[in-house]
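This report refers to the structure that appears directly beneath it.
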Amino acid sequence: MTERYNIKETEIKWRKAWADADAFSVTENTDKPKYYVLEMFPYPSGRIHVGHVRNYTLGDVVARYKTAQGFNVMHPMGWDAFGLPAENAAIERGAHPNKWTHENIDAMKVQLKSMGLSIDWSREFATCDPEYYAHEQRMFIKFLEKGIAYRKEAIVNWDPVDNTVLANEQVIDGCGWRTGAPVERRKLNQWSLKITDYAEELLSCLDNLDRWPEKVRLMQSNWIGKSVGLQFKWNVVGRDGQIDVYTTRPDTLFGASFIALAPDHPMSAELAKGKEGFDAFIKQCQAAGTSEAAIEKAEKIGFDTALKATHPILGREVPIYIANFILMDYGTGAVFGVPAHDQRDCDFANKYGLPILPVVLPESGIEITSEAYTGEGKLANSQFLDGLSVEDAKAEIIKRCEESDTGFGTTQYRLRDWGISRQRYWGCPIPIIYCDDCGAVPVPDEQLPVTLPEDVTFDKPGNPLVHHATWKNCDCPKCGKAAQRETDTFDTFFESSWYQFRYCDSQNENLPTDKDKAAYWMPKDGGVDQYIGGVEHAVLHLLYARFFTKAMRDCGFVVSDEPFSGLFTQGMVTHETFKDENGKWIFPTDAIKNEAGEWVHAETGAPVTIGASIKMSKSKKNVIDPEEILETYGADAARLFILSDSPPERDLEWTESGIEGAWRFVNKAFGAITSMNLHQGDENACGDNAK
RNA sequence: GCGGCCGUGGCGGAAUGGUAGACGCGCAAGACUAAGGAUCUUGUGGGAGUAAUCCUGUGGAGGUUCAAGUCCUCUCGGCCGCACCA
């Protein structure tokens with residue numbers, strides 16, 4: 001048989017050939033159709049992981065395929081370089097975040113290159129460099145002028161472990177998305193972006209994203225959470241106050257049998273003032289957890305204020321309760337309860353002995369006791385609504401309320417504005433100066449960028465910028481008086497929200513990107529042609545980037561409506577897990593089979609148990625190092641295994657036998673080609689000849 | 001609870017409504033070898049048969065069709081997302 005395929009020699013040869021030929025750099029070329037392939041850029045943690053290998057292999061296949069088809073392909077790479085791990089490294093090891101980050105970038109770039117990717121490295125950037133974040137500061141100031149950015153005192157989600165604020169999107173089950181620590185509620189002055197102004201466009205444009213997974217579109221749609229309904233007032237008997245309620249079922253108004261307020265509704269404390277048991281009730285509400293399980297089990301409980309409200313049409317009086325299942329931050333924080341047609345209201349009514357009044361009946365008729373009827377039907381016991389369908393009744397009652405000026409049809413969104421202030425050092429400084437006389441003053445353009453000071457220490461808890469007097473103290477740009485810089489930095493999702501535009505013109509010193517160049521790669525009706533990454537960003541990065549694109553468009557920076565016209569979400573890479581006899585996770589390399597075929601620890605010989613194949617993670621130790629794989633089997637075998645073992649959208653189970661099989665396959669192919677003497681006298685017949 | 005995705009050999013998984021199981025792993029036999037946990041060749045869904053071949057088979061039950069893994073209805077199982085959202 002012939003010689004074996006020589007990985008090192010071949011890969012080095014072709015990498016050099018590509019570099020010498022500058023094979024993957026592109027410029028705008030209107031003679032060819034363009035194609036923009038992008039994979040979610042990596043955080044420079046220090047080493048690439050298998051997930052990166054899968055992600056960038058998939059993108060590389062698309063890039064090379066489209067190149068072969070004659071497209072002018074842009075396939076860039078950069079670094080999502082701000083973030084907490086750099087600060088943690090500084091605290092733990094005394095490494096400066098900037099040095100640590102750039103060393104990691106250098107190391108990972110070597111690793112990525114060993115994968116044989118067709119990347120245009122001339123467009124590379126790191127988001128932690130002032131050349132990048134300067135443009136963010138300019139855009140932020142433009143957003144301020146346009147009213148897209150604003151400052152408000154708000155109750156925020158505080159992560160007590162990372163000592164910083166989290167966006168709503170970063171809170172999962174009431175816990176921080178990174179730390180898993182229960183979030184606390186704090187009142188802070190925060191910079192926010194008006195993503196809610198774009199709620200309708202973000203929702204309606206989802207319909208045009210036909211090359212996005214249905215799943216992601218649905219998740220975004222649910223996150224935006226649009227509902228259409230009626231908002232109107234109920235009078236409180238014997239008092240001046242009125243209660244504003246919002247409902248998506250105005251058709252059931254005639255079935256209302258109580259009013260319920262959120263415990264933290266401003267009127268709750270007022271109405272319950274001096275009433276026995278109210279404080280205890282509030283405590284009881286707060287004691288209940290916010291986790292899924294706790295909510296699932298939580299009983300509907302209410303506090304009877306002993307006050308009544310008047311039904312706006314019937315004039316009948318219904319009791320006013322304060323109830324634990326009413327949320328202050330949705331709608332108006334107050335509802336009218338219709339036990340017959342809402343399960344929560346039904347549970348509540350049964351508990352407190354309130355009447356159940358059916359007003360929507362199906363053809364067959366029903367009796368409602370403990371189960372609310374939420375289906376279609378005809379209105380009944382509802383005066384002028386009788387006989388109408390649910391849809392028609394909704395429209396009719398909204399019309400009547402608007403005519404009599406007692407209420408109005410309105411649209412609610414679940415989406416909240418994006419709080420972007422973070423109390424961290426390793427992020428983009430927010431370009432604001434606080435002056436006692438002038439208030440919050442944007443840093444003037446000629447003073448931009450506001451760069452991070454290098455000489456910081458991490459010996460005190462919290463943000464080192466707060467303790468850095470020479471950086472923090474400055475003069476007010478307006479009046480010249482002594483003033484202080486904003487010490488908060490942007491949420492790191494800020495950087496990844498617009499980087500797709502920066503690749504179009506990564507060296508531009510004056511603008512985030514050149515509008516014309518960006519319009520070539522990302523025209524109005526289509527952005528990145530194929531974007532590839534993990535599904536975990538479905539409502540974080542992918543929603544922020546869509547919003548940012550529209551905000552940039554409205555500020556005149558770009559023409560695109562949407563950043564990514566095609567999205568592909570790859571599956572995770574999994575691996576078997578191993579535990580020693582004490583139940584502690586061990587690395588797969590430490591588990592071997594002995595002569596008897598039993599799994600034992602490589603060093604101690606003690607028995608080892610094999611667990612399920614789950615997502616690779618350092619804590620479970622079921623990780624493999626891509627560098628070792630690339631060294632041993634080469635880029636072709638690694639890429640072949642990744643592409644052939646499981647469909648790209650599904651989870652990939654990494655196995656040693658799988659990668660060996662791919663390696664044998666590569667050799668068979670090599671043997672077949674060499675035995676046919678195809679490469680004799682023609683070096684280019686073997687290997688990848690992309691250009 | 002609501003919404004979505006997926007069920008095919010021992011395993012990962014192929015298959016524009018048209019020969020089910022490509023390719024890989026594993027397994028078996030053979031070759032080479034001092035040796036094989038390297039490499040190569042051949043075979044490999046299940047059942048019957050020396051064999052040609054036949055029967056059967058895509059979670060389960062129905063249906064549409066000349067033809068169903070694929071389309072429709074119901075059902076069972078697994079995974080994911082959201083969630084007291086009025």
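Naming: A, B, ... by sequence-line order, numbering from 1 per chain.
- Between A:Tyr56 and A:His52, the ring planes are parallel. Angles under 30° get that label, and only those over 60° would be called perpendicular.
- For A:Phe348 and A:Tyr321, the distance between ring centers is under 6.0 angstrom.
- Residue A:Arg414 places its side chain closer to B:C82 than to any other of B:A86, B:C82, B:G13.
- Per the geometry, CG belonging to A:Leu643 stands 13 Å off P belonging to B:A14, to the nearest Å.
- Rounding to the nearest 0.5 Å gives a distance of 7.5 Å between CD of A:Glu562 and CG of A:Leu202.
- Of the N and O atoms on the side chains of A:Thr196 and A:Asp417, at least one donor lies less than 3.5 Å from an acceptor on the other residue.
- When rounded to the nearest whole Å, the span between CG of A:Leu542 and P of B:G81 equals 15 Å.
- Using a 30° and 60° split on the angle between ring planes, A:Phe336 and A:Trp234 fall in the tilted class, from 30° to 60°.
- Comparing B:U64 with B:U50, their P atoms sit 42 Å apart, to the nearest whole Å.
- Of all nucleotides present, only B:G78 satisfies the Watson-Crick or G-U wobble test against B:C5, with each distance under 3.5 Å.
- Residues A:Gly225 and A:Pro647 each lie close to RNA chain B; by heavy-atom proximity, the contact nearer the 5' end of the strand is made by A:Pro647.
- At distances below 3.5 Å, not a single donor-acceptor pair connects side-chain atoms of A:Asp651 with backbone N or O atoms of A:Thr574.
- Side-chain N/O atoms of A:Ser227 and A:Tyr413 include no donor and acceptor closer than 3.5 Å.
- In this model, the phosphate group of B:A86 is not approached by any side-chain N or O of A:Tyr246 to a distance below 4.0 Å at OP1 or OP2.
- Between B:U75 and B:A67, the distance separating the two C1' atoms is 26 Å to the nearest Å.
- For the P atoms, the distance linking B:C80 with B:G13 amounts to 15 Å, nearest Å.
- A:Phe325 places its CZ atom 12 Å from the C1' atom of B:C85, with the value rounded to the nearest Å.
- Look at B:G9: its glycosidic torsion is within 90° of 0, and that puts it in the syn range.
- For the segment residues 208-219 of chain A, the set of residues with a heavy atom within less than 4.0 Å of an atom of RNA chain B comprises A:Lys215, A:Leu218, A:Met219, in numerical order.
- At whole-Å resolution of the value, NE2 in A:His265 and P in B:A86 are 17 Å apart.
- As the counterpart of B:U64, no nucleotide is assigned, since no Watson-Crick or G-U wobble pattern has both distances under 3.5 Å.
- Taking atom CD1 on A:Ile224 and atom P on B:G3, their separation rounds to 19 Å, with Å as the unit.
- Comparing B:G63 with B:U56, their C1' atoms are spaced 22 Å from each other, to the whole Å.
- We find that A:Asp207 and A:Arg217 are not joined by a salt bridge, their nearest charged nitrogen and carboxylate oxygen being 4.0 Å or further apart.
- The gap from the C1' atom of B:G3 to that of B:G57 amounts to 34 Å, rounded to the nearest Å.
- Between A:Trp212 and A:Phe568, the distance from one ring center to the other does not fall under 6.0 angstrom.
- Place A:Trp223 and A:Leu327 on RNA chain B by their nearest nucleotides, and A:Trp223 ends up nearer the 5' end.
- Taking atom P on both nucleotides, B:A48 is separated from B:G30 by 23 Å, rounded to a whole Å.
- Inspection of the A:Asn55 and A:Glu39 side chains reveals no N or O donor paired with an N or O acceptor under 3.5 Å.
- Pair check for B:G45 finds B:U56; Watson-Crick or G-U wobble, both atom distances under 3.5 Å.
- Distance check on atom P: B:C84 versus B:G77 gives 27 Å, rounded to whole Å.
- The distance from atom CG of A:Asp345 to atom C1' of B:C85 is 13 Å, rounded to the nearest whole Å.
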Listed pairs under 3.5 Å, donor-acceptor, residues 390-401 of chain A side chains, sequence neighbours left out:
{"unit_1": "A:Asp392", "atom_1": "OD2", "unit_2": "A:Ser389", "atom_2": "OG", "d": "3.4"}
{"unit_1": "A:Glu396", "atom_1": "OE2", "unit_2": "A:Arg400", "atom_2": "NE", "d": "3.0"}

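- Summarising the geometry, the separation between CD1 on A:Ile326 and C1' on B:A86 is reported as 6 Å, rounded to the nearest angstrom.
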Under 3.5 Å, N/O pairs linking protein and nucleotides 7-12 of chain B:
{"unit_1": "B:G12", "atom_1": "O2'", "unit_2": "A:Asp645", "atom_2": "O", "d": "3.1"}
{"unit_1": "B:G12", "atom_1": "O2'", "unit_2": "A:Asp645", "atom_2": "OD2", "d": "2.6"}
{"unit_1": "B:G12", "atom_1": "O2'", "unit_2": "A:Ser646", "atom_2": "OG", "d": "2.9"}

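- Across the strands present, B:A83 finds no partner; the criterion is a Watson-Crick or G-U wobble pair with both atom distances under 3.5 angstrom.
- Only the P atoms considered, B:C76 is 15 Å distant from B:A61, to the nearest whole Å.
- Shown here, B:U19 forms no base pair; nothing in the strands shown gives a Watson-Crick or G-U wobble contact with both key distances under 3.5 Å.
- For A:Glu184, the CD atom sits in a packed shell: over 12 heavy atoms of surrounding residues, nucleotides or ligands are nearer than 6.0 Å.
- The nearest whole Å value for the distance from the CD atom in A:Glu660 to the P atom in B:G26 is 7 Å.
- Of the candidates B:C25, B:A83, B:C84, the closest approach to any side-chain atom of A:Ser657 belongs to B:C25.
- Listed candidates were B:U39, B:G24, B:A83. Nearest to the side chain of A:Arg664 is B:U39.
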